[in-house]
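Letters A, B, ... are given to chains in the order of the sequence lines, protein chains preceding strands, and every chain is numbered from 1.
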Protein chains: 2
Amino acid sequence: MKIDPTSPADLSAQIAKAIRDAIISGALPVDERLPSEAELADQFNVSRPTVREALKRLAAQSLIRTQRGATGGAFVNRLRFEDAYGQQITTSTLLLSMNDVSFATACEARYALERACAPLSAQRRTADHLATMRAETHRQQQPGLTDEAFCASDVAFHRALVDAAGNPVLSYQLAGAVEAMQPLMNMITFSARDRERIIGLHGAIADAIEMHNSMAADDTLAKLAEYTQELAQAVIAQRNTAKQGN
Amino acid sequence: MKIDPTSPADLSAQIAKAIRDAIISGALPVDERLPSEAELADQFNVSRPTVREALKRLAAQSLIRTQRGATGGAFVNRLRFEDAYGQQITTSTLLLSMNDVSFATACEARYALERACAPLSAQRRTADHLATMRAETHRQQQPGLTDEAFCASDVAFHRALVDAAGNPVLSYQLAGAVEAMQPLMNMITFSARDRERIIGLHGAIADAIEMHNSMAADDTLAKLAEYTQELAQAVIAQRNTAKQGN
DNA sequence: CAATTTTCATTTGTCAGACAATTAAACGTC
DNA sequence: GACGTTTAATTGTCTGACAAATGAAAATTG
């Protein structure tokens, strides 16, 4: 682990990269304790604040955890799927909002990925996943539900569908795509008839998953994707009309 | 943007969270300049090193960039897909290596996602994407190629296939799944016959994509997924035998 | 001797103040 | 007006210090 002292700027970034590479390569195994900040400062020939900045960078990526006290220090963190979910969702959300990604593009990606899960979900779903899907479908029928709450329930439904595939890697990848869509979905106003149609499709999806019918699940997801795109286009068209009216 | 001064520990984490939330909510738009470190220290009633640790956390996530000089400071960064790729790949790689994710699980996820792209790729592929796929297939036929180089070319082929879908969100999501598999793939030794079969399937995929035949592309991807799983199982079985032999 | 309490050394978290490096704008000079 | 020069602002880094937490060792007590 070495840094280049000739380029005086961004020492903390260089140190962070050196340690990160050591972790990725496996040179620093999980739960290994890093040298103390003072020792690292000595090794890299920098001051302790600089070392600390480097460690904070790594902590932001959940690569290390720190503990105070006599036997404390910085430890290589076992990156768990739950930790990675949050980062993945944050990153995906910002990517969508900062890059003028159209609703159509994001929606297309989301449903393409979800349809990739559907066959596995139909095959492996447990009673638990099915119950969650039914519960969310039921919640969506409540009359006083705000659009936001409706969307949140929609996300919960689709996450249950994805988790039913029983593949944590898929769940992790999909978490970003599904959750990041929520802010975009929240821009849509769902009429009672819209909701009815969506709830109907959700019910059909749950039915298909229950009966291990992957073809039906895929077909219904395709319909849901199409309908969602239609709704969004209507909203966009209406907004443009309103704009021209001003 | 406020922090809780009563819990004295992890002030930098609280400050980072406050600023991150402001960015996510849109209160701090892209390219907006944050207050100087001294001003932030004043606002949050902490010292400058503490503020700096918070800013480094955000820099690690590419949420801000810093610039020295008179008009310098920390600016809200436009998170680009290319920046996010790297983080996504790092996180995915570590997730797989640190959580004992089996080859089968990772492989299943990867091919499920890739097959989600295939119909779009078949529909929209440009001559450029096709040329990349052909070039990589050709490279894979070179006789002296190391297993590692073969895998690298394999990744390049599949990335071209994914990019052909013309959906940056999909490309971003898939980058993690495809690239994170590479260390696992590198554990496999490919015999000449193995390579021949894989190259043949790659050619068939490229053919299907060229002819906009999504069904054929999907079928061939399924075959490739199955064959990859077979190869991996053989390697694992062989390794277990070798272990018992010791 | 065993259990409990106290002390202590280690380590991270935070602070204050300082100086170097960089950068662009303001200023002065030709 | 064009072109160096100065200057102010800002980040990057360093030094030294103290507070807080924490586990281990030492001292105390029953």
So, does Thr66(A) get its side chain near the phosphate of dG13(C), meaning an N or O under 4.0 Å from OP1 or OP2? yes
Check this one for me: any side-chain N or O of Arg48(B) less than 4.0 Å away from OP1 or OP2 of dC15(C)? no
Could you tell me how far apart [X] ([atom1]) and [N] ([atom2]) are, to the nearest whole angstrom?
| X | N | atom1 | atom2 | result |
| --- | --- | --- | --- | --- |
| Gln14(B) | dG13(C) | CD | P | 13 Å |
| Arg57(A) | dG12(D) | CZ | C1' | 11 Å |
| Leu55(A) | dT14(C) | CG | C1' | 15 Å |
| Arg52(A) | dT15(D) | CZ | P | 16 Å |
| Phe75(B) | dT11(D) | CZ | C1' | 11 Å |
| Asp42(B) | dA16(C) | CG | C1' | 13 Å |
| Asp10(A) | dT11(D) | CG | C1' | 10 Å |
| Lys56(A) | dT14(C) | NZ | P | 7 Å |

Can you give me every donor-acceptor pair (side chain of residues 54-62 of chain B, partner residue at least two apart or in another chain, under 3.5 Å) with its distance?
from	atom 1	to	atom 2	distance (Å)
Arg57(B)	NH1	Ser12(B)	OG	2.7
Gln61(B)	OE1	Arg20(B)	NH1	2.4
Ser62(B)	OG	Gln87(B)	NE2	3.0

If only side-chain N and O atoms count, and only distance matters, is there a donor-acceptor pair under 3.5 Å linking Thr132(A) with His129(A)? no
Residue list, salt bridge (charged side-chain N to carboxylate O under 4.0 Å, His left out) with [X], at least two apart or on another chain:
| X | answer |
| --- | --- |
| Asp42(B) | none |
| Asp31(A) | Arg65(A) |
| Arg33(B) | none |

Sequence neighbours excluded, the answer for side-chain contact (heavy atoms from CB on, under 4.5 Å) partners of Asp147(B) is Thr189(B), Phe190(B), Arg195(B)
Under 3.5 Å, which protein N or O atoms sit close to an N or O of nucleotides 5-10 of chain D? Give each pair with its distance.
from	atom 1	to	atom 2	distance (Å)
dT10(D)	OP1	Arg33(B)	NH2	3.4
dT10(D)	O4'	Gly69(B)	O	3.1

Rounded to 10°, the helix from dC1(C)-dG30(D) to dC30(C)-dG1(D) deviates from straight, judged by its five-pair end axes, by 20°
What residues form a ring pair (Phe, Tyr, Trp, His ring centres under 6.0 Å) with Tyr172(A), not counting sequence neighbours? none
Indicate yes or no: at least one non-hydrogen side-chain atom of Gln142(A) is less than 4.5 angstrom from one of Phe150(A). no
Looking at residues at least two apart in the chain, or sitting in another chain, which of them share a side chain to side chain donor-acceptor pair (under 3.5 Å) with Thr105(A)? Ser102(A)
